[in-house]
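For reference, the structure is listed below as structure tokens.
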Amino acid sequence: MAITSPSTPTFSASFYSSPAEGTLITCFPAAALSFSRRCQALIQHPTRRLTLSSRFNSSMPSDPGGSVSPDDGDVQNELHHMFSARGRRRGLPVFVTLPADAVGPTAGQVRRRKAMAQSFRALSAAGIEGVVLEVWWGLVERDQPGVYNWLGYWEIVAMARQCGLKVRAIMAFHQCGTQPGDPQWIPLPQWVLEEINKNPDLAYSDRFGRRNTEYISLGCDILPVLHGRSPVQAYTDFMRSFRNAFKPLLGNVITEIQVGMGPAGELRYPSCPSEKLMWAWRTRELGEFQCYDKYMLASLNACAQEIGMREWGNGGPISASNLMQDPELTEFFKSENGSWNSPYGKFFLEWYSRMLIIHGERICREAETIFRGIEVKTSAKLASIHWHYGTQSHPSELTAGYYNTYKRDGYLPIARMFGRYGFSLCCTCFEMQDEEEKQMNPVSSPEGLIRQLLLAAMVCDVPVEGENSAAYLDDRSFNQVLKMSRSYSEGVERSCFTFNFVRMDKNLFEYQNWVRFTRFVKQMSAANIFRARLGSADFHASITDSWRAGYALACS
């Protein structure tokens, strides 16, 4: 049953006044002031011909981020020649995700600067293609709407550039961590949280009234609920400011933008809080439908009235109990005669999943417009919710917004939408094996789910980025990543697969772990361009740098 989405609400342009693009906070610690002035000059004059040079050492230099100065040369040409000299990569490039708290919560300062610089040198010597950097909305636009502080991220990008590493920047519009006091706690911007306190319906809600503030409810995507701007307009302004601030480095150092679209940056509903979702595959959480804020309910009610079934517009299924871990004990999810397969169930699930796709499409459209004409790739991430993949109803996928059952492909419409806007598809769990998971949960199938996602990407000609779900550093996990990666990339002429290792910490740089990791990178890459060969001077240099990086991270 096809469902016509409710008409898009409209509002007057007088609600919205765009802030000055590229606004930069000018109150910095004295140690970083000279660099901030240079960054500010670059942001205010993004078309100037510049040369960017960086110097990092074990202490905080007077010019911590390097220097930006006018020059007769062009920074684009300089960066182009630098990466050309490094050699064009073949094979399957590997990126490493940086710690979530790489930039501190105040004044945009890089945390553990010495350890970060040493880590970058080790990664470069090991043949890593680049780093993945989460750019947090809650830090950059923390205190005031339309006021952006890019200083810390400028320093990291400059550091990566100095080491010849590319950067994948994630526009992180979600909360990091579980609660205040978490070592990596980064909430939404303070001014956004203040608006949520005034209007709790800006946050997702389940049928028990439990609110989730990891990400703003997509039900109010285009309503002027944030100081006259809609959430999508706030995301758009953030991306536009990022583009203007980093324009000289886009396409050379910063080669990809991943746009966050939900909790944990994934296009999904927060059916389980992210801290529970990390272990939900162990406990077999069913999740809860997130459709009880007033904006989601208004949309559901409008759709139900449109087809003449007003009684279907009052909320989600009441027989989808999260209190029972066995879906066969629920009226909605059970295999035989479950109401997920009834006319009502189909209506609700089509509406629920379609709202998620509309949300993704809105953001894809804005991102494609902002970065159009710039040689930078764009991507978005899907969750790999595999713990009920072997059932007929796939309940944990349904509550997350993926209308994927044994008789319906819920990922093909999403991949098709990504393909329309030139987005790559990022998904995780590449290190997980069915053989091992089924010993704890017979209906789990991470490999089956990943293969379905890869097939959808192939059909829609969408490049894929793989990730690991946990930072296991054993050969078994690395071999599984190789197996799943090659199942997508073999026989394909153009490079359409890359891998993000999540994430960098002191354990990565322990000697045996580092040897296994560099061997994995070598297997993923073409042998003739791998820089850190065993027994070579480069390899010993990478081992030395890795030891220093691990020691610095452990002591910081």
Side-chain angles (χ1 to χ4, degrees), residues 3 5-6 8-9 173-175 188 192-193 195-223 225-226 230-232 261-264 266-277 280 285-307 309-324 327 330-333 338-340 342 344-360 362 383 385 393 395-403:
I3 297 181
S5 60
T8 302
F173 299 119
H174 59 284
Q175 168 188 300
L188 299 183
V192 172
L193 294 177
E195 294 304 306
I196 292 176
N197 287 334
K198 298 175 188 175
N199 180 7
D201 284 293
L202 299 182
Y204 285 110
S205 177
D206 65 16
R207 62 196 174 102
F208 299 109
R210 294 176 296 199
R211 301 284 179 177
N212 185 298
T213 57
E214 294 181 64
Y215 188 81
I216 298 175
S217 169
L218 63 82
C220 58
D221 262 355
I222 56 176
L223 301 177
V225 294
L226 298 178
S230 71
V232 170
M261 297 185 178
E266 299 164 338
L267 179 61
R268 64 172 174 86
Y269 294 100
S271 50
C272 291
S274 289
E275 69 270 19
K276 292 183 67 178
L277 196 65
E285 290 277 351
L286 301 180
E288 284 286 346
F289 290 109
Q290 303 291 310
C291 59
Y292 289 87
D293 63 79
K294 68 181 181 181
Y295 304 106
M296 292 292 286
L297 285 175
S299 173
L300 177 59
N301 186 263
C303 273
Q305 289 193 52
E306 190 171 335
I307 63 169
M309 300 295 292
R310 294 186 61 178
E311 64 274 18
W312 289 358
N314 297 322
I318 61 174
S319 55
S321 176
N322 191 32
L323 301 178
M324 304 176 186
T330 70
E331 289 297 320
F332 190 78
F333 294 125
S339 53
W340 63 273
S342 67
Y344 163 72
K346 293 176 181 178
F347 159 79
F348 175 80
L349 293 172
E350 286 181 4
W351 167 80
Y352 191 66
S353 61
R354 181 59 185 160
M355 288 289 286
L356 187 67
I357 293 175
I358 291 172
H359 171 69
R362 285 171 177 149
I385 300 178
S393 61
S396 49
E397 291 168 76
L398 298 184
T399 56
Y402 305 138
Y403 190 2

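Worth saying up front: this structure is predicted, and the values here are computed from it rather than measured. Heavy atoms only: backbone and side chains are in, while hydrogens, waters and symmetry mates are out.
- Atoms CG and CG, from Asn212 and Asp293 in turn, are 11.0 Å apart once rounded to the nearest 0.5 Å.
- Ring geometry for Phe332 versus Phe289: interplanar angle over 60°, hence perpendicular rather than tilted (30 to 60°).
- With contacts defined as side-chain heavy-atom distances shorter than 4.5 Å, the pair Asp206/Tyr269 does not qualify.
- Between Leu356 and Met261, the closest side-chain pair of non-hydrogen atoms is not below 4.5 Å.
- The closest side-chain heavy-atom distance from Ile216 to Val225 is not below 4.5 Å.
- Distance CD/Glu397 to OG/Ser353: 12.0 Å, rounded to 0.5 Å.
- No donor-acceptor pair under 3.5 Å is formed between the side chain of Arg362 and the backbone N or O of Asp221.
- Nearest heavy atoms, Pro231 versus Cys220: CD-O, 3.1 Å.
- Between Tyr215 and Tyr204 there is a side-chain heavy-atom pair separated by less than 4.5 Å.
- The main-chain N or O of Ser342 is never found under 3.5 Å from a side-chain atom of Ser339 such that the two would form a donor-acceptor pair.
- The OH atom of Tyr402 sits 10.5 Å away from atom CD1 of Ile357, with the distance rounded to the nearest 0.5 Å.
- Between the side chain of Ser396 and the backbone N or O of Ile385, no donor-acceptor pair lies under 3.5 Å.
- Side-chain atoms of Asn301 and Gln305 include a donor-acceptor pair closer than 3.5 Å.
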Going through the checks in order, is the side chain to side chain contact (heavy atoms under 4.5 Å, CB included) test met by Lys294 and Asn199?
CA-CA 10 Å; Lys294 68 181 181 181; Asn199 180 7; 4.1 Å; yes

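- Put simply, the side chain of Met296 reaches to within 4.5 Å of the side chain of Leu218, judged on heavy atoms.
- Considering every non-hydrogen atom in both Leu267 and His359, the closest pair reads CD1-CD2, 4.0 Å.
- Between Leu300 and Gly313, the closest heavy-atom pair is CG-CA, 3.9 Å.
- Here Gln175 contributes atom CD and Thr213 contributes atom OG1; the two are 5.0 Å apart, rounded to the nearest 0.5 Å.
- In this structure, Tyr292 contributes its side chain and Gly316 its backbone to a donor-acceptor pair below 3.5 Å.
- The two residues Phe333 and Ala320 have their closest heavy-atom pair at CE1-CB, 3.5 Å.
- Interatomic distance, Cys291 SG to Phe348 CZ, rounded to the nearest 0.5 Å: 4.0 Å.
- Here the straight-line distance linking atom CD of Gln290 with atom OG of Ser205 works out to 7.0 Å at 0.5 Å rounding.
- At least one side-chain heavy atom of Tyr344 sits less than 4.5 Å from a side-chain heavy atom of Pro317.
- For the pair Pro263 and Pro270, the tightest heavy-atom approach, listed with the atom from each and the gap, is CG-CB, 3.6 Å.
- Side-chain atoms of Asp201 and Ser217, non-hydrogen and from C-beta on, never get closer than 4.5 Å to each other.
- Using a 4.5 Å heavy-atom threshold, the side chains of Tyr352 and Tyr403 count as separate.
- Between Gly315 and Leu297, the shortest heavy-atom contact is CA-CD2, 3.9 Å.
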